Structure formats: structure tokens, C-alpha cells
Novice: 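Quick one: the structure is below, questions incoming.
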Amino acid sequence: MSRTRSKAGAGTASVEAGVARLADDYQQVALVLQGGGALGAYQCGVYEALHAAGVRPHWIAGTSIGAINAAIIAGNAEADRMARLKEFWTGITRPAGTLAWPLQWMAESAQWLPPSHALSTGVSASSALASLALGQQGFFTPRTASPFLYCDGNAAATSFYDTAPLRDTLLRLVDFDRINGGEVRLSVGASNVRNGNVHYFDSAMQPLRVEHIMASAALPPAFPAVEIDGESWWDGGIVSNTPLEHVLAAAPRRDSLILQVDLWSARGERPATIMDVLEREKDIRFSSRTRYGTDSVARMQKLRNALDDLFKTLPKDALPAGLAARLKPWRCDRVFNIVHLIYQAKHHEEQYKDYAFDANAMREHWASGLADMQRTLAERRYFAMPERGSGVVTHDIHRALVKARAESA
């Protein structure tokens with residue numbers, strides 16, 4: 001698939017063009033976006049750097065806020081994607097309701113302070129509390145009556161917030177005809193309320209509607225379940241927050257460059273306070289054991305590659321026809337290159353970082369994603385096609401930096 005490459009500055013043009021050419025060597029480029037609420041702005045910074053480098057994903061898979069970002073990217077023309085992402089994130093950083101203006105004024109007044117400044121940290125905490133109390137414009141608003149007053153199973157009885165504003169926002173910013181036109185494949189993960197299984201609504205398999213994106217982001221008990229074709233669906237992150245397995249399991253298998261953008265780090269320091277405990281628990285829970293899943297897939301793919309090599313060395317008809325037929329679906333010589341980016345939480349952030357929607361936090365998360373992806377793009381070797389038979393190869397700029405520091409110590 002051809003890609004239109006954007007103009008870059010003179011200092012980075014050769015690096016970006018080189019990475020885009022390396023990406024062209026793959027049969028498929030996929031962007032995988034984890035869920036994480038307000039941290040999702042980090043993914044936008046990552047995409048901004050990719051967009052500037054001329055790397056255009058053929059397939060975007062997302063869960064929760066990752067599904068929303070994915071829908072905005074896939075549901076717009078290349079020239080409009082960054083503007084739509086910025087419009088969405090600028091809009092939802094404003095608290096909802098007529099009582100929100102003091103908090104908005106305070107946030108705007110503190111925007112020039114360093115992120116670690118005590119006042120800036122206080123603004124972020126106030127933003128999280130305001131989000132709980134008032135909701136966010138274009139996203140969700142608190143219900144007028146407590147759900148504890150109802151018991152009839154409807155949305156008002158089973159959630160604290162109304163997500164009708166998000167529906168309106170998505171319909172305004174996302175062209176679902178474009179998504180279903182097949183230019184970019186879109187997959188979003190949701191959890192079936194009845195059987196507890198995760199399912200991926202995939203534009204390659206069915207037409208997607210706004211309800212599918214809403215379902216992927218319907219985190220209980222804050223948000224109501226979304227009904228689709230007689231089934232009720234919640235946020236995919238409560239079962240599996242990272243849609244990597246869906247991409248890796250797709251058939252037919254293709255040589256793939258997979259850009260995986262996670263918002264929760266499975267690795268972290270031992271907590272020193274109860275607030276640290278709450279943050280660390282959330283990090284572990286929503287990281288979805290990403291590294292373990294990647295390692296498991298890598299082992300399986302190496303086994304597939306070895307089986308394929310074995311068949312190529314065996315004389316014809318060396319195996320019984322029935323056994324050969326049974327093993328054939330397991331043979332594969334494809335390679336998967338996973339370039340992994342993980343948001344690194346800042347020291348001043350607390351366990352409420354995923355619902356602190358203030359503009360300062362959004363800009364900081366976005367800038368972090370942009371910087372991390374730019375550093376990753378500078379490592380051109382990360383994007384080179386792996387050797388045939390290597391199965392799954394992973395790269396992580398943060399892991400490389402930690403290793404380098406340890407070796408130099």
C-alpha cells in the first residue's frame with residue numbers, strides 16, 4: 001500500500017524518510033492502542049511523530065480510549081487526522097457544567113508552571129475531583145439521580161455517568177463511511193457483559209458504528225453498557241486492555257511492523273505510601289501482562305517457523321498425508337517486529353492520573369508521546385525487517401535506556 005509522506009524539517013527529513021521506507025518493506029503496519037483514560041493523549045503524541053515520519057498504519061486496533069483515538073485516526077483523511085485528534089482532546093479537557101469555570105480558570109492560570117510544581121500538581125488533583133463531580137465536556141456528565149435509587153437494570157440504574165456527549169462528539173469527528181470503506185482496518189475490543197469474554201469488532205469483518213466505539217469505552221460502573229445486536233457490552237479493558245493478540249492471531253499471517261502504545265507500565269517501584277499502592281495496583285491491572293503476552297506469542301511464532309523449516313527439509317511424502325494436513329495450518333515463515341512504547345508516569349502523578357483531564361496534563365502526556373516516538377524513530381534499526389525465521393522481535397526505547405544506564409554504572 002502506498003503512503004503519502006508529509007514534509008518534515010531539514011534536520012529530520014532523512015531519518016523520517018528512511019523509517020518510512022523501512023516500513024514499506026512490511027506487508028502490514030499495525031498500530032495497537034491500549035486503554036487508559038486521560039493518559040490517551042500520550043498515544044496522540046506518538047501518532048503525531050509517526051504521521052510526520054510518513055508511517056501510515058494499515059490497521060489500527062484499540063481498547064477504551066485507545067479505541068476512540070483509533071476511530072478518529074481511521075475515520076478521517078490523512079490531512080485531517082491531527083486536527084481532529086487535537087479537537088477531541090482540547091474539548092474533553094474542559095469540565096462540564098456551569099460550576100466548572102473556577103476550575104477552568106485555575107487550570108489556565110497554572111499552565112506555565114513546571115509540571116512538578118506543587119500548584120500544578122494541585123491543579124491536576126482538582127481536575128480529577130472535578131471530573132468525578134462534574135464530568136467532562138463532550139465526553140460524559142453525571143446523572144441527575146443516584147443509580148442506587150433504581151433497580152430496573154436500565155442505564156440510570158447501572159452507571160454513574162451519561163455518555164451521550166461522547167456519542168455526539170464521535171459522530172461529529174469520525175466518518176464511519178470512511179472506516180467501513182476499508183482504507184484503514186479498525187478493530188476495537190469490548191467485553192461481553194453476559195459471558196465475560198472479550199470480542200473484537202473489526203471493520204474487516206463487519207460494518208462498524210458509533211455504538212462499537214462506545215462499547216469499547218464503556219468502563220463500569222462509571223459508564224453504562226452499550227447494547228449491540230441484543231448483547232450488552234462493557235469496556236474491553238476489564239478483560240484484556242491490550243489488543244495485541246487480536247492483531248497477531250489474524251489470518252492469513254503477514255510480515256508485520258506493529259507499533260504497540262501502552263499507557264500502563266507493568267514495571268515499577270515498590271510503593272511507599274497508600275497512594276503509591278493504589279497507583280501501582282492500577283498499573284499492574286491495566287498493563288494486561290503485556291510483556292508476558294508478547295513473550296508467549298514469540299515462542300509460538302518461533303515454533304511455527306521451526307515447523308515450517310522442518311517441512312521444507314523433509315523428503316516429499318515423508319509424513320502421512322493426514323498428519324501433514326493437520327500440521328499445515330501451524331506452519332508459518334512470517335515475521336513480526338513489535339516496536340513497543342510505554343507511557344512512563346511522572347513522579348508528581350498519582351493514582352488518579354487516568355481521570356485527571358486538565359489541559360496541562362493532556363499537553364504533558366501528548367509531549368511525552370511525541371518525544372518517545374521521535375527517540376524511537378531515531379533508532380532506524382528498530383524498524384528494519386527481521387531475519388526470516390526469527391519469529392517475533394521486540395524493541396523498546398525505554399528498556400534500551402535502562403540497560404544502557406545499568407551497563408555504564
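Numbering of residues begins at 1 and proceeds along the displayed sequence. Small disclaimer: the values here were computed from a predicted structure and weren't measured. All heavy atoms count here, side chains included; hydrogens, waters and symmetry mates do not.
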Novice: Can a salt bridge be assigned to the pair Arg94 and Asp358 using a cut-off of 4.0 Å between side-chain N and carboxylate O?
Specialist: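 So Arg94 does not pair with Asp358 through a salt bridge.
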
Novice: Just by distance, with hydrogens left out, do Asp235 and Ser64 show a side-chain donor and acceptor under 3.5 Å apart?
Specialist: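 Yes, side-chain donor-acceptor contact under 3.5 Å.
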
Novice: With sequence neighbours excluded, give me every ring-ring contact (aromatic ring centres under 6.0 Å, His included) pair touching residues 367-393.
Specialist: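 For residues 367-393: Tyr382-His395.
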
Novice: Salt bridge or not between Arg270 and Asp276? Use side-chain N to carboxylate O under 4.0 Å.
Specialist: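 Looking at Arg270 and Asp276, the cut-off is not met.
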
Novice: Using only heavy-atom distances, determine whether the side chains of Asp262 and Tyr343 contain a donor-acceptor pair under 3.5 Å.
Specialist: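 Looking only at side-chain atoms, Tyr343 and Asp262 do not form any donor-acceptor pair under 3.5 Å.
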
Novice: Test of understanding: with side chain to side chain donor-acceptor pair (under 3.5 Å), list the residues that count as partners of Arg381, not counting sequence neighbours.
Specialist: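 Per chain and number, Arg381 pairs via side chain to side chain donor-acceptor pair (under 3.5 Å) with Glu379.
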
Novice: Would you tell me whether Gln301 and Arg334 have side-chain atoms, one donor and one acceptor, within less than 3.5 Å of each other?
Specialist: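 No, Arg334 and Gln301 have no side-chain donor paired with an acceptor closer than 3.5 Å.
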
Novice: Relative to each other, are the rings of Phe201 and His199 parallel, tilted or perpendicular (30° and 60° limits)?
Specialist: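 If you compare the ring of Phe201 with that of His199, the planes turn out perpendicular.
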
Novice: Among residues at least two apart in sequence or on other chains, which ones pass salt bridge (charged side-chain N to carboxylate O under 4.0 Å, His left out) with Glu227?
Specialist: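 None.
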
Novice: Could you check Asn69 against Trp89 for side chain to side chain donor-acceptor pair (under 3.5 Å), going step by step and ending with a plain yes or no?
Specialist: CA-CA 10 Å; Asn69 284 333; Trp89 281 94; 3.0 Å; yes

Novice: By salt bridge (charged side-chain N to carboxylate O under 4.0 Å, His left out), which residues pair with Asp162, not counting sequence neighbours?
Specialist: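 Asp162 satisfies salt bridge (charged side-chain N to carboxylate O under 4.0 Å, His left out) with no other residue.
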
Novice: How about Ser368 and Lys346: does a side-chain donor come under 3.5 Å of a side-chain acceptor?
Specialist: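 Distance-only check passes for Ser368 and Lys346.
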
Novice: State, to 0.1 Å, how close Pro271 and Arg280 come at their nearest heavy-atom pair, and which atoms those are.
Specialist: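 That closest heavy-atom pairing would be CG-CB, 3.9 Å.
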
Novice: Would you kindly say whether Ser187 and Trp59 are connected by a side-chain donor-acceptor distance under 3.5 Å?
Specialist: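 Per modelled atom types, Ser187 and Trp59 side chains form a pair under 3.5 Å.
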
Novice: Which residues satisfy the ring pair (Phe, Tyr, Trp, His ring centres under 6.0 Å) test with Tyr161, sequence neighbours excluded?
Specialist: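 So Tyr161 forms a ring pair (Phe, Tyr, Trp, His ring centres under 6.0 Å) with Phe140.
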
Novice: Step through the shown structure and confirm whether more than 12 heavy atoms of other residues, nucleotides or ligands are within 6.0 Å of CE on Met300.
Specialist: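 For Met300, atom CE is not crowded (no more than 12 foreign heavy atoms under 6.0 Å).
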
Novice: Identify, with sequence neighbours excluded, every residue that meets salt bridge (charged side-chain N to carboxylate O under 4.0 Å, His left out) alongside Arg254.
Specialist: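 None.
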
Novice: Considering residues at least two apart in sequence or located in another chain, which fulfil the side chain to side chain donor-acceptor pair (under 3.5 Å) criterion with Thr144?
Specialist: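 Expected list: none.
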
Novice: Regarding Asn192 and Trp234, is there a side-chain donor-to-acceptor distance under 3.5 Å anywhere?
Specialist: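 Trp234 and Asn192 do not have a side-chain donor-acceptor pair below 3.5 Å.
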
Novice: I would like to know whether Glu48 and Trp366 meet side chain to side chain donor-acceptor pair (under 3.5 Å); could you show each step before the answer?
Specialist: CA-CA 9 Å; Glu48 182 177 359; Trp366 193 302; 2.7 Å; yes

Novice: Thr63: which residues meet the side chain to side chain donor-acceptor pair (under 3.5 Å) condition with it, sequence neighbours left out?
Specialist: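 Partners of Thr63 by the side chain to side chain donor-acceptor pair (under 3.5 Å) criterion come out as none, since no residue qualifies.
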
Novice: Among pairs that include at least one residue of residues 132-161, which meet salt bridge (Lys or Arg N to Asp or Glu O under 4.0 Å), considering only residues two or more places apart or in two chains?
Specialist: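 As it turns out, there is no salt bridge (Lys or Arg N to Asp or Glu O under 4.0 Å) pair with a partner in residues 132-161 once direct neighbours are skipped.
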
Novice: Please name all residues satisfying salt bridge (charged side-chain N to carboxylate O under 4.0 Å, His left out) with Arg185, sequence neighbours left out, ordered by chain then number.
Specialist: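 In terms of salt bridge (charged side-chain N to carboxylate O under 4.0 Å, His left out), with neighbours along the sequence ignored, Arg185 is linked to Asp202.
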
Novice: Using a cut-off of 6.0 Å, state whether more than 12 heavy atoms not belonging to Gln374 lie near its atom CD.
Specialist: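 For Gln374, atom CD is crowded (more than 12 foreign heavy atoms under 6.0 Å).
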
Novice: So, Glu349 and His365: side-chain donor and acceptor under 3.5 Å apart, yes or no?
Specialist: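 Checked: Glu349/His365 side chains pair up, N/O donor to acceptor below 3.5 Å.
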
Novice: Could you list the residues that satisfy ring pair (Phe, Tyr, Trp, His ring centres under 6.0 Å) with Tyr200, not counting sequence neighbours?
Specialist: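 Checked Tyr200 against ring pair (Phe, Tyr, Trp, His ring centres under 6.0 Å); matches are His246.
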
Novice: Pairs of donor and acceptor atoms involving the side chains of residues 319-333, under 3.5 Å and at least two apart or interchain, shall be tabulated with distances.
Specialist:
unit_1: Arg331; atom_1: NE; unit_2: Asp308; atom_2: OD1; d: 3.2
unit_1: Arg331; atom_1: NH2; unit_2: Asp308; atom_2: OD1; d: 3.2

